[in-house]
Undergrad: 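Shown below is the structure under consideration.
Bear in mind that the values here come from a model prediction, so they are computed numbers and not experimental data.
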Amino acid sequence: MTFLYTLDIDTTEDILLLLARNLRKRRLEKGLSRDALSEISKVPAATITKFETKHTISLASFVALTKALGYTQSLKELLAQPQFNSMSELDVIHKNKNRKRGGRL
């Protein structure tokens, strides 16, 4: 059986932690307090605090924060290109690129 994606050692929590740390770094690099970023992004400061400390946030809030920090293009490029691990997987990707629904495994 061929998997559609590879499993790596990063857990979901590891990735959320990294995203929270990176967002905090970008906020601080721009000299913004949580309140200032809240004002720009319209995301409550409490939500920003919760993300930076507990790594929990809605996708809509995360998008608003990244837009406010100037990372719209980077976010839009996420998942924009297919990833593959073999030529046969690339063939499947090309075959299915116009599909509107998934199939059964």
Undergrad: Can you tell me how far the OG atom of S33 sits from the CD atom of E39, to the nearest 0.5 Å?
TA: 8.5 Å
Undergrad: Hey, are T11 and D14 close enough side-chain-wise for a donor-acceptor pair under 3.5 Å?
TA: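 Checked: D14/T11 side chains pair up, N/O donor to acceptor below 3.5 Å.
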Undergrad: If you define the side chain from C-beta out and look only at heavy atoms, does anything of I57 sit under 4.5 Å from L65?
TA: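 Yes; the side chains approach each other to less than 4.5 Å.
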Undergrad: Which residue pairs pass the ring-ring contact (aromatic ring centres under 6.0 Å, His included) test when at least one of the two sits in residues 25-44, sequence neighbours left out?
TA: none
Undergrad: With sequence neighbours left out, write down each residue that passes side-chain contact (heavy atoms from CB on, under 4.5 Å) with E52, or none if nothing qualifies.
TA: L23, R24, R27, R34, I48
Undergrad: Of all residues at least two apart in sequence or in a different chain, which pass the side-chain contact (heavy atoms from CB on, under 4.5 Å) check with L19?
TA: I15, F51, F62
Undergrad: Keeping to residues at least two apart or across chains, list the ring-ring contact (aromatic ring centres under 6.0 Å, His included) pairs with something in residues 16-46.
TA: none
Undergrad: Kindly write out the residues that satisfy salt bridge (charged side-chain N to carboxylate O under 4.0 Å, His left out) with E13, not counting sequence neighbours, or none if the list is empty.
TA: none
Undergrad: Output all residues satisfying side chain to side chain donor-acceptor pair (under 3.5 Å) with N22, sequence neighbours left out; order by chain, then residue number.
TA: none
Undergrad: Just jot down the side chain to side chain donor-acceptor pair (under 3.5 Å) partners of S58, sequence neighbours excluded, or say none.
TA: S61
Undergrad: For a quick test of reading the model, state the closest non-hydrogen atom pair linking S38 to A45 and the distance between them.
TA: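 Taking S38 first and A45 second, the nearest heavy atoms are OG-N, 3.2 Å.
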Undergrad: Within the 4.5 Å heavy-atom criterion, are L69 and L32 side-chain neighbours or not?
TA: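 SC-SC contact between L69 and L32 confirmed.
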Undergrad: Suppose the criterion is side chain to side chain donor-acceptor pair (under 3.5 Å): which pairs have a residue in residues 63-80, not counting sequence neighbours?
TA: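 Found Q73-E77.
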Undergrad: Taking only residues two or more places apart in sequence, or in another chain, which ones meet E29 in a side chain to side chain donor-acceptor pair (under 3.5 Å)?
TA: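 Applying side chain to side chain donor-acceptor pair (under 3.5 Å) to E29 gives R26.
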